[in-house]
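What follows is a set of notes on a single structure, which appears directly below.
These figures come from a predicted structure and were not determined experimentally. Values below: every heavy atom of this structure, side chains too, minus hydrogens, waters and symmetry copies. Throughout, protein chains are lettered first and strands after them, A, B, ... in sequence-line order, and every chain is numbered starting at 1.
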Amino acid sequence: MSGDEGPGREGAAEPPEAGGGEQLALIRDTVRKAKQPRAKPRTWRGAALADGLPVARVLVDKGLVHLDQFFDYAVPAAMDADAQPGVRVRVRFGARVVKGRREGGTLHDGFVVERRADSDYAGPLAPLAQVLSTEPVLTEPLLRLCRQVADRYAGALADVVQLAVPPRMARAERDPSPDPLPTPAAPPPATWSRYATGPAYLQALARGDTPRAVWLALPGPHWPRELATVLATALAAGRGALAVLPDGRSAARVDAALTDLLGPGHHVLLTADAGPEERYRRWLAVSRGSVKVVVGTRAAMFAPVADLGLVALWDDGDSSHAEPHAPQPHARDVLLLRAREERTAFLLGGITTTVEGAQLVDSGWALPLAAARDRVRAAAPLVRTVGDLDQARDEAARAARLPSLAWQVTRDALARGPVLVQVPRRGYVPRLGCDTCRAPARCAACAGPLEVREEGGTPACGWCGRPAADWHCQECGGFRLRARVVGARRTAEELGRAFPRVPVRTSGRDTVLATVGGAPALVIATPGAEPVAEEGYAAALLLDGWALLGRPDLRAAEEALRRWALAAALVRPAGEGGTVVVLAEPTLRPVQALVRWDPAGHAVRELAERAELRFPPVARMAAVSGPPAAVAEFVDLVRLPEGTDQLGPVPVRRPAGTEPWERLLFRVPPGSGAALAAALKAGRIARAARSGPTAPLQLRMDPPDIG
DNA sequence: AGCACGCCGACT
DNA sequence: GTCGGCGTGCTC
């Protein structure tokens, strides 16, 4: 694992000193006041206060989020019983004192985090304005998790709490949650026996141990049930379990498998599909301890499962596991945090493995859970490649835009079942090459790659934007350009015309098909939207991924392999005639990994390379982006841990922005990630405390998109 | 972040 | 004499 972060520091987040310059008298005065805690705090208005614990420490939702501190309020006697830790309250915040009277102040939502006998705030306390609900939603363990996530990402607690606690739906709250069901029996291991250490993993869970594994699932349709079996096994051992999946579709598959194994009532599905009220109802059932197994998408990573015994994540390479809202926590990191802090078992599963997954194994923190080689061969389809040279030699392909191998495979397979055609997503920009020699087409001015932004448009440079109307090839003098990935959508249409008696189904952004039947059909899908074929696809054509491989992106190879393998895993085994044709150079590492079906080996080699180059996740990084002056000011302000590298700054594109931005990367060796996050947080607070207009500045731990 | 208090230039 | 510039500091 990234293994470096020790447990987050406990205790309230006190802001660091705001910097010198105060008048001595003022300091003395403050200290003296702070040293005499009142038996009972003063309040404004003098309303009757609660007897026992008259102070409520409150996390105010949107006041001074970046300062990351709690505020104390007086608890009126009437609210004494309701204002328990964890409940939502409303408080007046930002009031001014005018002639001894408080004026103004706007109502903010917040959470009571603690009831206390007194306050260490010297001034008079404002009373809670209202207890919104008596439901203790921000429970102590959930608060602790949020605190740790905030620290891990150099973010603010209030931001994380907003991600972790769903908005209140009064109606859902009124209804009682069902009584917990008795603990069911453990399901049989079934297909888990296909993995060498699979039964042992289940046995350890059943014993109540906390086994940790990176699971390389065999291609084919069994993984949802296998994942459900793991969750059910944890439940049978009397523990709670949580699985996070990248999308509603895959979550629904695991949900269905769980219902199959356990019947209804033992688990909930936490996805956006249910609608806010139903989702909150289910979340409450979890929070109240009625239900101990949760299957869901990203936001479910915070689900307050009682007595959590297992956290599982499926397909951690999927970008939707990264939360887009500040501080952009990644489900993998949050679940790793939970596994460590809540002492649970851990399962990271997928058809492929990320570098992070490989690192968990490499460090010894998790064990590999994979099938033996012969099992893999028996489950995987036959993978064939068509490289650039093959295509150049292939006269038929030049006329028809698709290699003859792809035609043959499609034609043969359509006699036996559906054929999947994976095409790039919309908005993807095809790169251009020389039609004669296939060399990539480069800009004459800056050598950037030429692109066509809209079909039929003039080619232009992807770096400098200069149009390339009179291009000629530097290699061979050719002057005709050709899309290096054939216009995939057009190809799909042509395929449809070539097989007029075969129905064409499409699955993409707007309409995603869950499944297709076993009848011959051409199924055109974008990555991630591939329907599951009930009896497996007879073949797949992979026309996507190409463009990725040309990019200077750290994850390009991993991501290409991931997309290909996810589609190829829906194809029947080679033994049943399942064939995959991938349009890519057979010499490339991810292509070879696909052909040999060795995603783990690929991830291990990527990991070694990252270590050598001191790239994440072996090193930890943070990105600071903003206007050059703001970036420079921040660098000046922040006190970085020993041994921090500074990379850049480099200009970054601001599509809608007015002024140019730049980005700076900080890099620290493994083990210093927490120190880096702490430094950034301190820097952010110091910056906020400064006077003057504040330019926008983005801080991000572990940026996923570094070139 | 908002929001008010504070101390210096062009208006009735 | 006053209205208003936004620099500075505080918010339980």
Inset, instruction - Grab the CG-C1' distance between A:Asp68 and B:dA1 for me, whole Å please. - result: 14 Å
Inset, instruction - May I have the distance from A:Gln69 (atom CD) to B:dA1 (atom C1'), rounded to whole angstrom? - result: 13 Å
Legend entry - Spacing of A:Asp61 atom CG relative to C:dC12 atom P, expressed in whole Å: 16 Å
Inset, instruction - Would you kindly give the CG-to-P distance between A:Leu125 and C:dC10, to the nearest whole Å? - result: 18 Å
Legend entry - Atom-pair distance (CG on A:Asp109; C1' on C:dC12), nearest Å: 16 Å
Inset, instruction - Check the angle between the aromatic planes of A:Phe93 and A:Phe71 and answer parallel, tilted or perpendicular using the 30° and 60° thresholds. - result: perpendicular
Inset, instruction - List in chain and number order the residues that pass ring pair (Phe, Tyr, Trp, His ring centres under 6.0 Å) with A:Trp283, two or more places apart in sequence or in another chain; answer none if no residue qualifies. - result: none
Legend entry - Ion pair check, A:Arg279 and A:Asp273, cut-off under 4.0 Å: no
Legend entry - Euclidean distance, atom CZ of residue A:Phe93 to atom P of B:dC3 [Å, nearest integer]: 12 Å
Legend entry - For atom CG of A:Asp72 and atom C1' of C:dT11, their distance in whole Å: 13 Å
Inset, instruction - Take the protein atom CG of A:Leu59 and the nucleotide atom P of C:dT11, then report the distance between them rounded to whole Å. - result: 18 Å
N/O donor to acceptor pairs below 3.5 angstrom from side-chain atoms of residues 297-311 of chain A, sequence neighbours left out:
| from | atom 1 | to | atom 2 | distance (Å) |
| --- | --- | --- | --- | --- |
| A:Arg298 | NE | A:Glu323 | OE1 | 3.0 |
| A:Arg298 | NH1 | A:Ser320 | O | 2.9 |
| A:Asp307 | OD1 | A:Arg239 | NE | 3.1 |

Legend entry - Centroid distance under 5.5 Å and plane angle under 30°, A:Phe71 vs C:dC12: no
